[in-house]
Amino acid sequence: MQTFIMGVKKSVRKYAGQLGILVLLLLVLSLTSSTFRSFTNIINVTRQVSINMIVACGMTMVLIIGGIDLTVGSTMALSGMLSGWLTINGCPFLVSLLVGLVSGVMIGMINGAVLAKTTLPPFIVTYSTSSIIRGLVYVIFGSATIRLVDEDYLNFGGGSIGFLPLPVIYMIVIIVISILLVNYSKMGRHMYAIGGNMKAAFFSGINTSKVIFLTYTLSGFFAALAGMVLTSRNSSLQPAVGVGAEMDAIAAVVLGGTSMAGGRGSIGGTVLGAFIIGLISNGLNMLAIDSFYQLVVKGIIILIAVYADYLKNKKMSSAK
C-alpha cells in the first residue's frame with residue numbers, strides 16, 4: 001500500500017503541469033457551460049479523444065527514439081478508404097479490417113526500413129511518404145464521399161458496449177499495450193537509449209535498426225486502426241480524412257512532456273496531453289467559437305510546449 005501511495009505521489013509530481021492545466025480546463029468549462037458537465041458530453045469527449053490518443057501512442061514511441069512520423073494522417077486515409085471500399089464491394093468485414101491494418105503496417109515498415117538503413121532526416125522521409133500516400137488515395141479512390149452500408153463496419157467505430165463506445169475501449173487497450181511496451185519491455189528500454197544517444201546505443205550492443213523499424217511499424221499499425229475507426233464513425237469514405245492528424249498527435253505528445261529531441265517521454269504524459277487537446281476542442285465547440293480559431297489555439301499550444309521542452313533541455317545541458 002505504501003509503495004502504491006509513493007508511486008501515485010511520484011506520478012503527480014511528474015505530471016504536475018499537465019494535471020494543473022487539465023483541472024483548470026475542467027473548472028472553466030464546467031462553469032461556462034452546463035452542457036459540458038453532462039455525462040453524455042463526457043462520454044462524447046472521451047470518444048473524440050480516442051482517435052487522437054491511438055495515433056499519439058505510436059507517435060510517442062517515434063519521438064522517444066528521436067524520430068517523427070508525418071505519415072499518420074495519410075495512413076489513416078488509406079486504411080479507411082481501402083477497407084471501406086472493400087466492404088462496399090462485397091468483401092467480408094474481417095478481411096477488409098485485416099487489409100486496412102496491413103496497409104498501415106506496410107507504410108510503417110517502409111518508413112522504418114528507410115530510416116533504419118540510412119541517415120536521412122525522419123522529417124523529410126515521412127513527409128515525402130505522406131505526400132505519396134495522400135496522392136495515391138485521391139488517384140485510386142477519387143475525391144467523392146461514398147456512403148458506408150456494411151453494418152459490421154459501421155458498428156466497428158460507431159457501436160458500444162454498455163455506456164462505453166467501442167473507440168474508447170480500443171483506446172484503453174492501446175494505452176495499456178503501449179505502457180507495457182514502453183515501460184516494461186526490453187524494446188522500451190532500447191527506445192530511450194536510442195533517443196538519448198544512438199551511437200552509444202549501437203556500440204552498447206543494441207540493434208538500433210531493428211528498434212527503429214519496429215517503432216515505425218507500430219506507428220503505422222496504430223494510425224491504420226485509428227483511420228478505420230474514424231471512417232466507421234463518419235459512416236462514409238472520405239479521402240480527406242486524417243488531414244492534420246499528425247499535428248494533433250504531436251501536440252498531445254509534446255504537451256505530455258515527450259521531448260522532440262528524443263530519449264525522454266511517457267505514455268502517461270501523452271494521455272494527459274491528448275485529453276487537454278480534446279477538452280480545448282470540445283470547449284471551443286461548446287462555446288460556439290469558429291473552428292478556425294481552434295487551429296490557432298492548437299498552434300499556440302504546440303509552440304508553447306516545444307519552447308518549454310527547449311528550456312528543459314537547455315537546463316539539463318547546463319547541469320551536466
Side-chain angles (χ1 to χ4, degrees), residues 40-41 43-56 58 71-107 130-171 173-174 220-249 278 281-282 284-286 288 290-292 294-295:
T40 301
N41 186 61
I43 293 296
N44 185 48
V45 170
T46 310
R47 184 193 290 111
Q48 291 173 350
V49 167
S50 64
I51 303 296
N52 189 29
M53 187 81 76
I54 292 170
V55 177
T71 63
V72 291
S74 299
T75 301
M76 290 172 67
L78 179 62
S79 63
M81 292 293 292
L82 181 58
S83 58
W85 181 84
L86 287 172
T87 61
I88 289 173
N89 286 273
C91 188
F93 168 67
L94 289 178
V95 175
S96 302
L97 179 68
L98 181 61
V99 171
L101 291 174
V102 169
S103 69
V105 168
M106 289 180 65
I107 292 167
S130 175
S131 181
I132 293 169
I133 297 166
R134 183 69 68 176
L136 285 174
V137 168
Y138 281 106
V139 168
I140 296 171
F141 300 105
S143 58
T145 298
I146 306 171
R147 182 176 173 80
L148 276 171
V149 294
D150 186 89
E151 287 297 324
D152 289 331
Y153 202 115
L154 291 171
N155 288 330
F156 179 66
S160 61
I161 297 178
F163 65 88
L164 272 182
L166 285 175
V168 176
I169 295 174
Y170 304 148
M171 175 187 74
V173 172
I174 294 298
F221 175 83
F222 288 170
L225 174 61
M228 290 186 290
V229 172
L230 184 56
T231 298
S232 173
R233 277 185 54 199
N234 289 338
S235 303
S236 60
L237 306 186
Q238 300 176 18
V241 75
V243 171
E246 56 279 348
M247 290 299 104
D248 286 344
S281 296
N282 182 258
L284 292 175
N285 287 331
M286 286 285 192
D290 196 293
S291 60
F292 294 120
Q294 295 185 30
L295 296 175

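For S236, the side-chain hydrogen bond (donor to acceptor under 3.5 Å, both in side chains) partners at least two apart in sequence or on another chain are Q238. Among residues two or more places apart in sequence or in another chain, the side-chain hydrogen bond (donor to acceptor under 3.5 Å, both in side chains) test is passed with R47 by N44. With sequence neighbours left out, the side-chain hydrogen bond (donor to acceptor under 3.5 Å, both in side chains) criterion links D152 to no other residue. Applying the side-chain hydrogen bond (donor to acceptor under 3.5 Å, both in side chains) criterion to N155, with sequence neighbours excluded, gives no partner residue. Partners of L166 by side chain to side chain contact (heavy atoms under 4.5 Å, CB included), not counting sequence neighbours, listed by chain and number: I161, I169, Y170.
Between S74 and V137 the shortest side-chain heavy-atom distance does not fall below 4.5 Å. Using a 4.5 Å cut-off on side-chain heavy atoms (C-beta onward), P167 and R233 make contact.
Here side-chain hydrogen bond (donor to acceptor under 3.5 Å, both in side chains) pairs that include residues 133-148, with residues two or more places apart or in two chains, number zero.
Separating the CG atom in D248 from the CD atom in E246 is a distance of 8.5 Å, to the nearest 0.5 Å. Between atom OG1 of residue T231 and atom CD1 of residue I51 there is a gap of 9.0 Å, rounded to the nearest 0.5 Å. Annotation: the span from L225 atom CG to I54 atom CD1 amounts to 4.5 Å, rounded to 0.5 Å.
The minimum heavy-atom distance between G142 and P239, with the atom names listed, is O-CG, 3.5 Å. When every heavy atom of V55 is checked against every heavy atom of A249, the shortest pair comes out as CG1-CB, 3.7 Å.
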List the atom pairs, donor and acceptor, that lie under 3.5 Å between side-chain atoms in residues 94-107 and the rest of the protein, sequence neighbours left out.
from: S96; atom 1: OG; to: P92; atom 2: O; distance (Å): 3.1
from: S103; atom 1: OG; to: G100; atom 2: O; distance (Å): 2.5

Anything under 3.5 Å between a donor and an acceptor, one on a side chain of residues 78-91, the other on a protein residue two or more places apart or in another chain? List them.
from: S79; atom 1: OG; to: T75; atom 2: O; distance (Å): 3.0
from: S79; atom 1: OG; to: M76; atom 2: O; distance (Å): 3.1
from: S79; atom 1: OG; to: A224; atom 2: O; distance (Å): 3.1
from: S83; atom 1: OG; to: S79; atom 2: O; distance (Å): 2.7
from: S83; atom 1: OG; to: G80; atom 2: O; distance (Å): 3.3
from: S83; atom 1: OG; to: Y153; atom 2: OH; distance (Å): 2.6
from: T87; atom 1: OG1; to: G84; atom 2: O; distance (Å): 2.7
from: N89; atom 1: ND2; to: W85; atom 2: O; distance (Å): 2.7

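The closest donor-acceptor contact from the side chain of S232 to the backbone of M228 lies at 3.5 Å or more, if one exists at all.
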